[in-house]
Amino acid sequence: MKQKYPLLFCLLIALSGTTSLRSQIFYSNGATVAVTPGGVLYCNGGITLDNTTALTNNGSITTTKNSTFLLPGTFTINNSSSSQGNGTYQVEQDWINNATFVGNNSTVRMFGNTQQFITSVNNTVTSFNNLTLLGNGVGNNRKKTLQLVNAISGPTGVDSLNDRELETQTNIFFVQNTATTSVQNNQTPGSEGFVSSLNPGTFSRATAVGGGSYYFPTGSSVVLTRYRPVILDNTAAVTTDEYHVRFINWNPDNDGFLRSQNDGLICLANDTFYHAIDRAAGADPATITLHYIPASDGNWSGMSHWRNASTNWNDMSTVSFGASGVFTTMTRTNWLFATAGFPYVLTAVHPTAPSIVCPSVCQNSANNIFTATTSGTGNYVWSVPGNGTIVSGQGTDSLSVNWTSGSGYVSVYILDPTTNCPSLADSCQPTLLPSPFANFDTTSSGPWLNTYSFNDLSTNTSTWSWNFGDGNTSTQESPSHGYSSSGTYTVTLIATSGQGCLDTMTQIVTVLEGVLIPNVFSPNGDGNNDEFYIPSSGFKEYKIEIYDRWGVKVFESESAEIHWDGRSTSGLPCTDGTYYYILHALTNTKDYSQTGFLTLIGSKKQ
């Protein structure tokens, strides 16, 4: 629409040196206008170039909103008008280009504190050189918005977003400058400058042969403001590539990219946001780096790509992790863009399934060890059948299980400690081996029942291991054992089968205590009652002294096991007769000390 303002109608204006021109409204209806270096054109209302106006700006042009006129602060190029030059354009409201703008080496600074639009009524695309976004508006008023039109920044230009939002809506903002530093923004958390887009709009960049690390400062202010940039690195590029990136600030399910449709490797997919990434031109692989904040975005272990052909999400395989400021970064190297599909999402992948090793298991056995291995990481979750009982090892790669009888399957899977995603499970059925049955009975003999015979009654047994409870052992099948002290003893038999299975039986035996003192013996060598011996059990102190009728000591011993053969301390046979003994004997419970007489008969010495 043509607008005419009578305050200033120019046929020709040449501003040079330090010359400045200030007005409420600047309207040119076909004039030739030049702002030479050092010249200033300052309007408090708006600037409109109409009909065939030709503006050359090598100085400074400013249009502000300090006016009550219609569309204050707007710079408009209409009809067949044009603007070119290397100067600065400072625009507080909208940029409307319906004709020709040649960026040259100029800078357009959009500094308004309310929402500003870059637009056209006839789809004319503005190709900026340097574009700088400024202002202090918040919410929608921090936006510089492409409205119904695409925009370009030139081959040598620099785009400075500062802390503003460049909103492309469904349009494309394309950066032609292939320098990696051609896009700049404030990255202070909470004050980031970013580019937001709605499908099919994108923020696009051209990359150079030889490539580099290209930063895409993408974000969104839909519902909740998020800044989640992308880095595309095609360092080995042999062609000029072009990448389009968009950040989508909602569940991919909303756009038909159902998270439940995946290749089976994916446990979970981010339901909060995803990215659109597309290599629109070129053929080089690139390294893709996504940024996220675990505290608010969740913990993720993988990156997935939507494949149009299979209509599902596919895990992008090996990724690496890093950090950049407040972000955790996830990187996939050498991505070939081999399959069509622009969505990319953060995922939690199933951990690598473990491989279980089953032992042979004996019936009614304890502490059978099952092991598992995996190339991944996580907590091991085991399950056993009803005839097994887990003793220890849940959560680790080694499980101890007590087994009764009967077969069954033991299974294990990995649970990712960060994402809580399970792996596929592995299971095995252990080989069940018959166990022996340990059993024995006993008979005892001796005056104090201190000699025991053990009769093995075990079945399916190849070897025996006896523990008599007093520190003595045996590997005989049916051994005998004499106890030197009174008391109760726990006898243990471990029966082992030929396949190494064990069974155990225990039994308590009792040995009595006391003394039994004979009163006569006959050391005549006939093998019957040839020695004086006091059968006893359980002495902790023992001493015996024997005297003849004249009070001469003929024998003494401090061991209850020593027998007197009727000889004196000099080794000579004693004569028949009566002898006197003094016994000092103590057990833990009783004093058996006493004195008495004994008779020696049948000695060889008369």
Side-chain angles (χ1 to χ4, degrees), residues 46 63 71 73-78 83 89-103 106-135 137 139-155 157-177 182-185 192-206 215-222 225-227 229-230 242-249 275-278 280 342:
T63 176
L71 300 177
T74 295
F75 185 90
T76 305
I77 308 173
N78 274 337
S83 181
Y89 300 81
Q90 299 194 104
V91 179
E92 192 173 9
Q93 191 50 59
D94 299 340
W95 177 276
I96 304 174
N97 179 17
N98 301 317
T100 302
F101 176 76
V102 180
S106 65
T107 297
V108 174
R109 303 173 79 242
M110 303 191 72
F111 69 95
N113 298 326
T114 58
Q115 185 174 10
Q116 294 181 263
F117 294 92
I118 299 170
T119 186
S120 173
V121 298
N122 57 10
N123 298 318
T124 299
V125 174
T126 296
S127 181
F128 297 99
N129 182 48
N130 299 321
L131 178 62
T132 301
L133 309 184
L134 300 166
N140 284 337
N141 288 329
R142 73 192 295 256
K143 294 179 179 179
K144 318 299 180 182
T145 302
L146 301 187
Q147 188 178 53
L148 304 176
V149 69
N150 298 331
I152 299 171
S153 61
V158 173
D159 299 300
S160 300
L161 305 180
N162 294 303
D163 63 351
R164 304 290 89 187
E165 177 181 348
L166 176 57
E167 182 186 41
T168 77
Q169 295 190 344
T170 58
N171 309 295
I172 297 173
F173 188 91
F174 181 56
V175 179
Q176 290 182 310
N177 188 346
S182 63
V183 177
Q184 301 173 357
N185 71 319
E192 302 95 342
F194 60 83
V195 182
S196 65
S197 303
L198 298 175
N199 186 35
T202 63
F203 179 60
S204 305
R205 297 189 68 172
Y215 196 78
F216 290 76
T218 53
S220 173
S221 58
V222 174
T225 297
R226 286 190 177 92
Y227 171 66
V230 173
E242 180 182 320
Y243 297 98
H244 296 180
V245 178
R246 177 174 66 256
F247 176 70
I248 303 95
N249 202 18
H275 285 85
I277 303 172
D278 188 27
F342 62 80

Item to check | Polar side-chain atom of Arg164 near backbone of Gly137 as donor-acceptor pair, under 3.5 Å | outcome: yes

Next on the checklist: If we count only N and O atoms by modelled type, under 3.5 Å, do the side chains of Arg246 and Thr168 hold a donor and an acceptor together?
Outcome noted: no

Next on the checklist: Donor-acceptor check, side chain of Asp94 to backbone of Phe117, threshold 3.5 angstrom: yes or no?
Outcome noted: yes

Item to check | Where Pro217 and Gly193 come nearest, the two heavy atoms and their spacing | outcome: CB-O, 4.0 Å

Checklist entry - Does the Lys144 side chain pair with the main chain of Thr132, one donor and one acceptor, at a distance under 3.5 Å? => result no

Checklist entry - Considering only heavy atoms from C-beta outward, does the side chain of Gln176 approach that of Ser127 to under 4.5 Å? => result yes

Checklist entry - With Lys143, which of Gln169, Gln116, Glu167 fulfils side chain to side chain donor-acceptor pair (under 3.5 Å)? => result Glu167

Item to check | Derivation and outcome, side-chain hydrogen bond (donor to acceptor under 3.5 Å, both in side chains), residues Thr114 and Gln93 | outcome: CA-CA 8 Å; Thr114 58; Gln93 191 50 59; 3.2 Å; yes

Checklist entry - Side chains of Tyr227 and Thr225: does their closest heavy-atom pair fall under 4.5 Å? => result no

Checklist entry - Under 3.5 Å, is there a donor-acceptor pair between the Thr145 and Gln115 side chains? => result yes

Checklist entry - If we only count heavy atoms from C-beta on, is the Val175 to Phe203 side-chain gap below 4.5 Å? => result yes

Item to check | Residue list, side chain to side chain donor-acceptor pair (under 3.5 Å) with Thr124, at least two apart or on another chain | outcome: Asn122

Checklist entry - When the ring planes of Phe128 and Phe173 are compared, do they come out parallel, tilted or perpendicular, using 30° and 60° as the limits? => result parallel

Next on the checklist: For a side-chain contact (heavy atoms from CB on, under 4.5 Å) check, start with the C-alpha distance between Arg205 and Tyr243, then their side-chain angles and the critical distance, and finish with the verdict.
Outcome noted: CA-CA 6 Å; Arg205 297 189 68 172; Tyr243 297 98; 5.7 Å; no

Checklist entry - Would you call the rings of Phe174 and His244 parallel, tilted or perpendicular if under 30° counts as parallel and over 60° as perpendicular? => result perpendicular

Item to check | Distance in Å, Glu165 CD paired with Asn162 CG, rounded so as to fall on 0.5 Å steps | outcome: 14.0 Å

Checklist entry - Centres of the Phe101 and Phe75 rings: under 6.0 Å? => result no

Checklist entry - Between Thr170 and Asn199, which heavy-atom pair has the shortest distance, and what is it? => result CG2-O, 3.5 Å

Item to check | Residue pair Thr107 / Asn130: nearest heavy atoms and the distance that separates them | outcome: OG1-ND2, 3.1 Å

Checklist entry - Is there a donor-acceptor pair under 3.5 Å between the side chain of Asn150 and the backbone N or O of Ile172? => result yes

Checklist entry - Roughly how far, to the nearest 0.5 Å, is the CZ atom of Phe247 from the OG1 atom of Thr218? => result 7.0 Å

Item to check | Worked verdict on Val195 versus Leu161 for side-chain contact (heavy atoms from CB on, under 4.5 Å) | outcome: CA-CA 8 Å; Val195 182; Leu161 305 180; 3.8 Å; yes

Checklist entry - Is it true that the side chains of Ser120 and Asn98 contain a donor and an acceptor less than 3.5 Å apart? => result yes

Item to check | Close side-chain approach of Ser153 and Asn177, heavy atoms under 4.5 Å | outcome: no

Checklist outcome for this item: The reported gap from CG in Leu198 to OG in Ser220 (rounded to nearest 0.5 angstrom) is 7.5 Å

Checklist entry - Taking atom types as modelled and ignoring hydrogens, do the side chains of Thr202 and Ser204 form a donor-acceptor contact shorter than 3.5 angstrom? => result yes

Checklist entry - Rounded to the nearest 0.5 Å, how far does OG of Ser196 lie from CG of Leu146? => result 9.0 Å

Checklist outcome for this item: Rounding to 0.5 Å, atoms CD1 (Ile118) and CG (Asn97) come to a distance of 10.5 Å

Checklist outcome for this item: Looking only at heavy atoms, the pair that brings Leu148 and Asn171 closest together is N-ND2, 3.5 Å

Checklist entry - About how many Å separate CZ of Arg142 and CG of Asn113, when rounded to the nearest 0.5 Å? => result 12.5 Å

Checklist entry - Which is it for Tyr89 and Trp95 under the side-chain contact (heavy atoms from CB on, under 4.5 Å) test, yes or no, and what are the steps along the way? => result CA-CA 10 Å; Tyr89 300 81; Trp95 177 276; 4.2 Å; yes

